[in-house]
*Asks:* 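What follows is a structure written as structure tokens; I'll ask about it next.
Bear in mind that the values here come from a model prediction, so they are computed numbers and not experimental data.
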Amino acid sequence: MLQEQTTVYYSRVDVLVALAKRLNLYEERHQLSSEDFFDRFSKGQLDDTLDFVEWSNDYRHFLALKLELEDRLSHAA
């Protein structure tokens, strides 16, 4: 039985770092950058395996959070 694990993050930066680490693990496992993976996955060139769906979701979350933090930083300056 798969046990669900909950992690608590105290800032958006912590989440961004955690996502970057997860993306790095996918990239090492599949010998493919997240950007190239996402492009191929979005075009239907890769299977909808659980690993790829989770990678895709993590990458989308990473990009959205990165954009949000960059936007906040540019308005704070």
*Asks:* Quick one: pull up CG in L63 and CG in L19 and give me the separation to the nearest 0.5 Å.
*Replies:* 10.0 Å
*Asks:* Rounded to the nearest 0.5 Å, what's the gap from CG on L73 to CD on E68? Could you check?
*Replies:* 10.5 Å
*Asks:* Does the side chain of H61 pick up a donor-acceptor pair with the side chain of N57 at under 3.5 Å?
*Replies:* no
*Asks:* Enter the distance from S74:OG to L69:CG here, rounded to the nearest 0.5 Å.
*Replies:* 11.0 Å
*Asks:* State plainly whether one hydrophobic cluster holds both F38 and L25, where clusters connect Ile, Leu, Val, Met, Phe, Trp and Tyr through side-chain heavy atoms under 4.5 angstrom apart.
*Replies:* no
*Asks:* Does the side chain of W55 reach to within under 4.5 Å of the side chain of H30, using non-hydrogen atoms?
*Replies:* yes
*Asks:* Roughly how far, to the nearest 0.5 Å, is OH of Y26 from CD of Q31?
*Replies:* 16.0 Å
*Asks:* Hey, would you say the F52 and F37 ring centroids sit under 6.0 Å apart?
*Replies:* yes
*Asks:* If I compare all heavy atoms of D47 with all of F41, which pair ends up nearest, and what's the gap?
*Replies:* O-CE1, 3.5 Å
*Asks:* So which heavy atom on D48 is nearest to which on V53, and how close?
*Replies:* O-CG2, 4.0 Å
*Asks:* Mark yes when over 12 heavy atoms from residues, nucleotides or ligands other than E35 sit less than 6.0 Å from its CD; otherwise mark no.
*Replies:* no
*Asks:* Hey, what do you get for CD (E54) to OG1 (T49), rounding to the nearest 0.5 Å?
*Replies:* 9.0 Å
*Asks:* For E27 and S33, does a side-chain donor sit closer than 3.5 Å to a side-chain acceptor?
*Replies:* no
*Asks:* Has the side chain of S42 got a donor or acceptor atom that lies under 3.5 Å from a matching backbone atom of D39?
*Replies:* no
*Asks:* Identify the two heavy atoms, one from L16 and one from L65, that lie closest to each other, and give their separation to 0.1 Å.
*Replies:* N-CD2, 3.6 Å
